[in-house]
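As a basis for the values below, the full set of heavy atoms in this structure was taken, side chains included, without hydrogen atoms, waters or symmetry mates.
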Amino acid sequence: LLILSNIAELDLENHQLYKSLLYLLRQWEANEMALHVAKKIVTWRAHEPQSHRDLALTLEDNKLYQEAFDALLTALETNYYGEMGAVYQGIEDIILMDINRIVTSHKNINTGKLEKKYLEHIPVDVHIILNWNQMDTDIDLHIIEPTGEECYYSHTSTDIGARFSKDFTRGYGPEQYLLRNAIKGKYKIKTNYYGETKLTESGPATVMVEIYIKRKNGKIERTLQTIQLGKVKENQNLAEIEIE
């Protein structure tokens with residue numbers, strides 16, 4: 001943590017390195033330092049909805065729920081044009097799920113700036129999101145369900161009711177898996193890593209998996225897992241969860 005804090009103070013303006021740093025700080029619950037890093041990234045990359053989403057989730061970690069909601073609105077309203085549609089288009093579905101979760105979990109949030117149709121509660125038992133830190137990288141999320149069925153970009157719905165988001169072949173993702181009514185058993189979270197289109201000073205791509213599970217008592221349990229992928233290969237294990 002001391003070494004990472006030194007990196008955060010170098011002010012390198014390398015947003016890809018800082019994204020890796022942010023993922024680790026959030027996983028380790030170094031929330032104040034993570035917020036410092038997230039604010040740096042959003043200053044450098046204000047045109048990217050992913051940066052505003054990262055800031056929003058870090059504000060949530062710091063219990064600044066209204067500010068988190070407002071940052072998600074900014075992410076939702078960020079404009080992108082032409083070729084950039086391939087990089088950003090589709091992230092609004094993930095941001096709306098974030099908004100829904102925050103508004104449901106935390107009371108007294110002023111939601112007046114958002115149309116009421118987007119605030120209808122959307123309950124899900126399992127919500128898995130894969131983020132990564134490099135723009136020119138193709139990384140895919142794969143979920144293997146207890147039945148053995150695999151959900152990913154070319155098989156976007158499963159027999160037990162799961163749904164998968166848009167496939168991001170450029171940009172930082174994220175990609176998400178949603179399951180409204182989970183069945184018992186183990187869910188394996190994997191990734192296919194096809195590599196970068198150019199070398200970067202940040203090194204190999206870093207991914208962060210966000211796992212949200214609604215338990216029997218109705219509370220949402222969150223786990224963050226950060227991994228530097230290293231070698232380009234398919235079927236890398238990221239995490240495994242079990243629903244009882």
Side-chain angles (χ1 to χ4, degrees), residues 18-19 21-80 88-131 163 165-166 172-182 208-226 241:
Y18 269 61
K19 275 181 177 284
L21 178 59
L22 178 62
Y23 296 163
L24 282 170
L25 292 173
R26 289 193 63 216
Q27 179 180 320
W28 292 351
E29 299 182 356
N31 294 328
E32 290 186 15
M33 195 185 305
L35 185 55
H36 169 79
V37 171
K39 288 179 176 178
K40 288 280 189 183
I41 296 170
V42 87
T43 299
W44 301 328
R45 312 294 290 186
H47 61 288
E48 294 176 343
Q50 289 92 337
S51 298
H52 293 284
R53 179 179 183 267
D54 287 341
L55 174 61
L57 298 182
T58 309
L59 286 164
E60 183 187 10
D61 292 343
N62 282 272
K63 300 182 180 180
L64 299 170
Y65 304 125
Q66 183 64 55
E67 292 90 334
F69 176 83
D70 294 341
L72 286 171
L73 283 188
T74 301
L76 198 61
E77 295 166 355
T78 301
N79 292 319
Y80 45 83
Y88 304 130
Q89 196 169 34
I91 192 175
E92 59 272 11
D93 295 335
I94 295 167
I95 294 169
L96 286 171
M97 288 299 301
D98 292 325
I99 288 174
N100 197 275
R101 177 181 51 76
I102 286 178
V103 170
T104 301
S105 302
H106 309 293
K107 307 302 180 185
N108 302 319
I109 293 177
N110 182 357
T111 61
K113 296 180 181 179
L114 187 65
E115 292 184 46
K116 289 184 178 180
K117 66 180 180 180
Y118 296 124
L119 297 173
E120 182 180 352
H121 183 39
I122 306 173
V124 291
D125 285 351
V126 179
H127 186 194
I128 299 170
I129 306 162
L130 179 68
N131 311 265
R163 296 293 181 270
S165 64
K166 175 184 178 291
Y172 317 100
E175 294 184 355
Q176 79 173 351
Y177 167 92
L178 294 168
L179 179 59
R180 184 162 188 169
N181 297 303
M208 182 176 72
V209 185
E210 304 168 49
I211 304 168
Y212 298 90
I213 302 173
K214 187 174 75 174
R215 295 301 184 184
K216 291 180 180 179
N217 60 7
K219 292 186 178 181
I220 297 174
E221 177 185 291
R222 188 194 72 178
T223 303
L224 303 179
Q225 180 68 49
T226 301
I241 60 174

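- With H121 contributing its side chain and N100 its backbone, the two residues share no donor-acceptor pair below 3.5 Å.
- Counting only heavy atoms from C-beta outward, the side chains of R222 and D61 approach each other to under 4.5 Å.
- Going from atom CG of L224 over to atom CG of L25 covers 11.5 Å, rounded to the nearest 0.5 Å.
- Across E48 and H52, no two heavy atoms sit closer than the pair O-CD2, 3.4 Å.
- Between the side chains of D54 and Q50, no donor N or O sits under 3.5 Å from an acceptor N or O.
- When all heavy atoms are compared, the tightest approach of R26 to L57 is NH2-CB, 3.6 Å.
- With rounding to the nearest 0.5 angstrom, the CE atom of M208 is 10.5 Å from the CD atom of Q225.
- Under the 4.5 Å side-chain criterion, counting only non-hydrogen atoms from C-beta, I99 is in contact with L73.
- Taking all atoms of both residues into account, the shortest heavy-atom contact from L178 to M97 is CD2-CE, 3.8 Å.
- Within 6.0 Å of CG in N217 there are more than 12 heavy atoms belonging to other residues, nucleotides or ligands.
- A side-chain donor-acceptor contact under 3.5 Å links N62 to the backbone of N31.
- Under the 4.5 Å side-chain criterion, counting only non-hydrogen atoms from C-beta, L130 is not in contact with Y177.
- One finds the OG1 atom of T104 at 8.5 Å from the CD1 atom of I122 (value rounded to the nearest 0.5 Å).
- A 4.5 Å side-chain heavy-atom check between L114 and L76 finds at least one atom pair inside the cut-off.
- Note that the CE atom of M33 and the CG atom of L24 stand 11.5 Å from one another [nearest 0.5 Å].
- With a 4.5 Å cut-off on side-chain heavy atoms, L179 and D125 do not count as touching.
- Note on ring orientation: taking the six-membered ring where Trp is involved, the planes of W44 and Y18 are perpendicular (angle over 60°, cut-offs 30° and 60°).
- For the ring pair (Phe, Tyr, Trp, His ring centres under 6.0 Å) test, no residue two or more places apart in sequence or in another chain qualifies with F69.
- Contact check on R53 versus E210 returns a salt bridge, with a Lys/Arg side-chain nitrogen under 4.0 Å from an Asp/Glu carboxylate oxygen.
- Residues D98 and R101 are in side-chain contact: their nearest non-hydrogen atoms beyond the backbone lie under 4.5 Å apart.
- At distances below 3.5 Å, not a single donor-acceptor pair connects side-chain atoms of S51 with backbone N or O atoms of H47.
- Minimum interatomic distance between N131 and P174 (heavy atoms only, all atoms of both residues): OD1-CB, 3.5 Å.
- The line from CD of Q176 to CD1 of I128 is 10.5 Å long, rounded to the nearest 0.5 Å.
- Atoms CG and CG, on L119 and L96 in that order, are 9.5 Å from each other to the nearest 0.5 Å.
- Between L59 and L55, the closest side-chain pair of non-hydrogen atoms falls below 4.5 Å.
- Here the side chains of S165 and D93 are not in contact, with every heavy-atom distance at 4.5 Å or above.
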Q. Can Y65 and E60 be said to form a side-chain contact (heavy atoms from CB on, under 4.5 Å), step by step?
A. CA-CA 5 Å; Y65 304 125; E60 183 187 10; 4.0 Å; yes
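- Nearest heavy atoms, L72 versus I102: CD1-CD1, 3.6 Å.
- Across all their heavy atoms, A34 and L22 have their closest contact at O-CD1, 3.3 Å.
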